[in-house]
Asker: 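Structure provided below as structure tokens; questions to follow.
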Amino acid sequence: MPPLTITVGVLALQGGVVEHIALLNRASANYPSVTFHFLEVRTPEQLSLCDALIIPGGESTTMAIVARRLGLLEPLREFVKINNKPVWGTCAGLVMLAEEASATKQGGQELIGGLDVRVLRNKFGTQVQSFVADLNLDFLGEGEGPFRGVFIRAPVVEEVIDGDGRVKVLGTVKKPGEEEDIVAVRQGNVFGTSFHPELTGDVRVHAWWLGNVVEALGQGGEGKGLVVGKGKGDAGKVY
Ligand SMILES: NC(=O)CC[C@H](N)C(=O)O
């Protein structure tokens, strides 16, 4: 069996690209039998080399305009919704992966979609209202301590618009005096977080997601016997 090689792209039109790549590199140490390539993606050709993709934070309106100009919007939609490759969006990336967004600029903004949710952009206000909150992310596994969520002009999921229960809520935050907000969701191959794990130095969400990528790529090859994921329900599972 040939060794398993996985190429993970990070959409690099703007926003927190190098931070994601740094944490992906660290997370990849959890999967020593897999060869990972991490690739900055700016063209449809580069996207076509990827098995999985991260869409970073930044500004979703700008990202959509640049993606359109570079001919990337349709290939991204195909990547997420037709080829069903694993994709993770953080903050503006979550906005891009939503089917609907409110608080958009006049005339709306283009989205990639894939998550049957409506996001509310900039839920907590402007840059100066950025905050950090300890989150209980059960999917990280039993007994894991809280995860420091960094929220910067963050969106939240204001409504799940899929009635079939395909959208799983994986994390919430509750600010004092406010309602609980949904800040992490997954629908099949698509994962989104309102917060920025790449800015924390805490590798756990990246390691969990890479474990999912390895699993999704379904691996025979070297993946056989690989222990991945400490997520609920798959602790110690051998793929
Ligand atoms: N930190 C971020 O990614 C901010 C997201 C930005 N407010 C948007 O709606 O696109």
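Counting from 1, the numbers follow the sequence of the chain as shown.
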Asker: Just by distance, no angles: are the side chains of Ser48 and Glu45 close enough, under 3.5 Å, to form a donor-acceptor pair?
Answerer: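 There is no such pair between these side chains.
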Asker: Which label fits Phe191 and Phe139: parallel for a plane angle under 30°, tilted from 30 to 60°, or perpendicular past 60°?
Answerer: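 Ring orientation, 0 to 90° scale: perpendicular.
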Asker: Other hydrophobic cluster members with Val128, side-chain heavy atoms of Ile/Leu/Val/Met/Phe/Trp/Tyr under 4.5 Å, chained?
Answerer: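 Besides Val128, the cluster holds no residue at all.
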Asker: Run Phe38 and Ser28 through side-chain contact (heavy atoms from CB on, under 4.5 Å) and show every step you take.
Answerer: CA-CA 10 Å; Phe38 301 121; Ser28 66; 4.0 Å; yes
Asker: Would you call the rings of Phe131 and Phe124 parallel, tilted or perpendicular if under 30° counts as parallel and over 60° as perpendicular?
Answerer: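 Rings of Phe131 and Phe124: perpendicular, over 60°.
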Asker: Going by side-chain heavy atoms closer than 4.5 Å, which hydrophobic residues are tied to Leu23, directly or by a chain of links?
Answerer: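 ILVMFWY cluster around Leu23 also holds Val203.
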Asker: Hey, quick one: are Tyr31 and Leu24 part of the same hydrophobic cluster, counting side-chain heavy atoms closer than 4.5 Å, chains of contacts allowed?
Answerer: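 They do share one cluster, since a chain of ILVMFWY contacts under 4.5 Å joins Tyr31 to Leu24.
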Asker: Decide whether Thr172 and Glu180 meet the rule of one side-chain donor and one side-chain acceptor closer than 3.5 Å.
Answerer: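 Side-chain D/A pair, Thr172 to Glu180: present.
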Asker: Transitively linked via ILVMFWY side-chain contacts under 4.5 Å: Leu76 with Met96?
Answerer: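 Yes: a chain of side-chain contacts under 4.5 Å links Leu76 to Met96.
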Asker: Hey, what's the ring geometry for Phe147 with Phe195, parallel, tilted or perpendicular (30° and 60° as the breaks)?
Answerer: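 Plane angle between 30° and 60°, so tilted.
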Asker: Look at Arg121 together with Glu158 and state whether they make a salt bridge at an N to O cut-off of under 4.0 Å.
Answerer: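 Looking at Glu158 together with Arg121, the answer is no, because their closest N to O distance does not fall below 4.0 Å.
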Asker: Can a salt bridge be assigned to the pair Asp134 and Arg148 using a cut-off of 4.0 Å between side-chain N and carboxylate O?
Answerer: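 Between Arg148 and Asp134 there is a salt bridge, with a charged N closer than 4.0 Å to a carboxylate O.
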Asker: Between Arg118 and Glu100, is there a side-chain N and carboxylate O pair less than 4.0 Å apart?
Answerer: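 Here Arg118 pairs with Glu100 in a salt bridge, since their nearest N and O are under 4.0 Å apart.
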